[in-house]
Enquirer: 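Dropping the structure in here first, questions after.
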Amino acid sequence: MSRSTKGKVHILLHPELGNSKWDKIINAFILSLIILNVAAVSLETVPSIYDPNKQFFHVFDTMSVIIFSVEYILRVWSCNHDPRYAHSIRGRLRYMLSPGALIDLAAILPFYIHVVVGLDLRVLRILRLLRFLRLFRLTAYMRSARIVLNVFKSRANQLQLSLMLIVIFVTLSGCIVYFVEHPAQPEVFTTIPNSIYWAVITVTSVGYGDIVPITTAGKIMTTTISILGLGVYALPAGIVTAGFLEEMRSHKKLKNKYCPHCGEELPRD
């Protein structure tokens, strides 16, 4: 019975594993609570809103921490249902050191540190910013977000290559414009790192205007770099788009069906 209950709890806390009514209810509740917590952290920085409602923010934070703590404990308790964490002790320790579990822990830890140890208000406010880490847990409750994560995982090598090309392109652009413009503007293009900063701003089409070439050769370089930069920076977008389309086709083709009562996977046709 304990194993059966553990399996049901594990499926409830991992909506990608089930598709029952309770999965959807818990999913919607946790999603809403995460979003409300992020909104509360933001509103706490507005004195006109926070000062007259300190008690409300404190109660809401306390209740949220309790709920997230219960969720964290249940996740650790039920993680043995996953074959990767099957061992009762080592499996749980391994799960607790996983990125998702560490984010869950970091999001609630500042509250308990303040209660047990007591902290200066300024330090507490900095630690409370860790609650923004709860945003990352949205990916655990949104299947669409998981598809995007799968795209980045499957296209990691191509994205690394495109990133390397961008770094090389920006570095070379900065070096070239430095040697072209430095003699005319030594106080503007002071160093190669400073020129690389100009290249980044130019290639991304931001163009703050704080560093501007004035020589003819420099202007020609700027035009060339800007045009080539459009193609270089479009590479990651193309890779992600292709990966997303492939993932969507694969997801529709291999989509599993689950029992609405127990959450167990049904055999494919």
Enquirer: Same cluster for V167 and I192 if Ile/Leu/Val/Met/Phe/Trp/Tyr side chains link at under 4.5 Å?
Expert: no
Enquirer: So Y95 and Y85, would you call those rings parallel, tilted or perpendicular, with 30° and 60° as cut-offs?
Expert: perpendicular
Enquirer: Are V232 and V203 side-chain neighbours, meaning at least one heavy-atom pair lies under 4.5 Å?
Expert: no
Enquirer: Should M96 and L105 count as side-chain neighbours, where that means a heavy-atom distance under 4.5 Å?
Expert: no
Enquirer: Sub-3.5 Å donor-acceptor pair from the side chain of D104 to the main-chain atoms of F68, do we have one?
Expert: no
Enquirer: Starting at CG of D61, measure out to CZ of F56 and round the result to the nearest 0.5 Å.
Expert: 11.0 Å
Enquirer: Search all heavy atoms of S195 against all heavy atoms of F189 and return the closest pair with its distance.
Expert: OG-CD2, 3.5 Å
Enquirer: Would you say the side chain of I239 lies within less than 4.5 Å of the side chain of F152, judging by non-hydrogen atoms?
Expert: no
Enquirer: Between L43 and F57, is there a side-chain heavy-atom distance shorter than 4.5 Å?
Expert: yes
Enquirer: Establish, from distance only, whether the side-chain atoms of S69 and Y112 form a donor-acceptor pair under 3.5 Å.
Expert: yes
Enquirer: Give me the atom names and distance for the closest heavy-atom approach of S64 to N37.
Expert: OG-ND2, 3.1 Å
Enquirer: May I ask whether I67 and L36 are part of the same hydrophobic cluster, defined by side-chain heavy atoms of I, L, V, M, F, W, Y residues being less than 4.5 angstrom apart, directly or through others?
Expert: yes
Enquirer: Side chains of residues 212-222: which donor-acceptor partners sit under 3.5 Å, not counting sequence neighbours?
Expert:
unit_1, atom_1, unit_2, atom_2, d
T215, OG1, E181, OE2, 2.3
T215, OG1, G218, N, 3.0
T222, OG1, G218, O, 2.8

Enquirer: Without swapping roles, check the side chain of T190 against the backbone of E187 for a donor-acceptor pair under 3.5 Å.
Expert: no
Enquirer: Could you give the distance from CG (L172) to CD1 (I196), rounded to the nearest 0.5 Å?
Expert: 9.0 Å
Enquirer: Could you tell me which non-hydrogen atom of V170 sits nearest to which non-hydrogen atom of A199, and how far apart they are?
Expert: O-CB, 3.6 Å
Enquirer: Could you check I66, V65, V59 and say which one makes a side-chain contact (heavy atoms from CB on, under 4.5 Å) with T62?
Expert: I66
Enquirer: Please list, one pair per line, the donor and acceptor atoms closer than 3.5 Å that link side chains of residues 155-163 to other protein atoms, with sequence neighbours excluded.
Expert:
unit_1, atom_1, unit_2, atom_2, d
R155, NH2, E246, OE1, 2.5
S162, OG, Q158, O, 3.4
S162, OG, L159, O, 2.8

Enquirer: Can you give me the closest heavy-atom contact between G91 and C79, atom names plus distance?
Expert: O-SG, 4.3 Å
Enquirer: Hey, what do you get for CD1 (I11) to NZ (K6), rounding to the nearest 0.5 Å?
Expert: 13.5 Å
Enquirer: Between the main-chain N or O of R94 and the side-chain N or O of R84, is there a donor-acceptor pair closer than 3.5 Å?
Expert: no
Enquirer: List for me each residue that meets side chain to side chain contact (heavy atoms under 4.5 Å, CB included) alongside L97, sequence neighbours excluded, and say none if there are none.
Expert: none
Enquirer: Taking all heavy atoms of I211 and all of V188, pick out the closest pair and write down the distance.
Expert: CG2-CG1, 3.6 Å
Enquirer: Distance from L109 atom CG to L102 atom CG, nearest 0.5 Å?
Expert: 11.0 Å
Enquirer: In Å and rounded to the nearest 0.5 Å, what is the CG to CG distance from L235 to L230?
Expert: 11.5 Å
Enquirer: Would you say V240 ends up clustered with L165 if hydrophobic residues are merged whenever their side chains have heavy atoms under 4.5 Å apart, either directly or through other cluster members?
Expert: no
Enquirer: Is there a chain of hydrophobic side chains (I, L, V, M, F, W, Y, each step under 4.5 Å between heavy atoms) that links L228 to I225?
Expert: yes
Enquirer: Let me confirm one number: the CZ-CG distance from R75 to L12, rounded to the nearest 0.5 Å.
Expert: 11.0 Å
Enquirer: Determine, using the 4.5 Å side-chain heavy-atom cutoff (strictly less than), whether I168 and W198 are members of one ILVMFWY cluster.
Expert: no
Enquirer: Please give me the minimum heavy-atom distance between S32 and A28, naming the atom from each residue.
Expert: OG-O, 2.8 Å
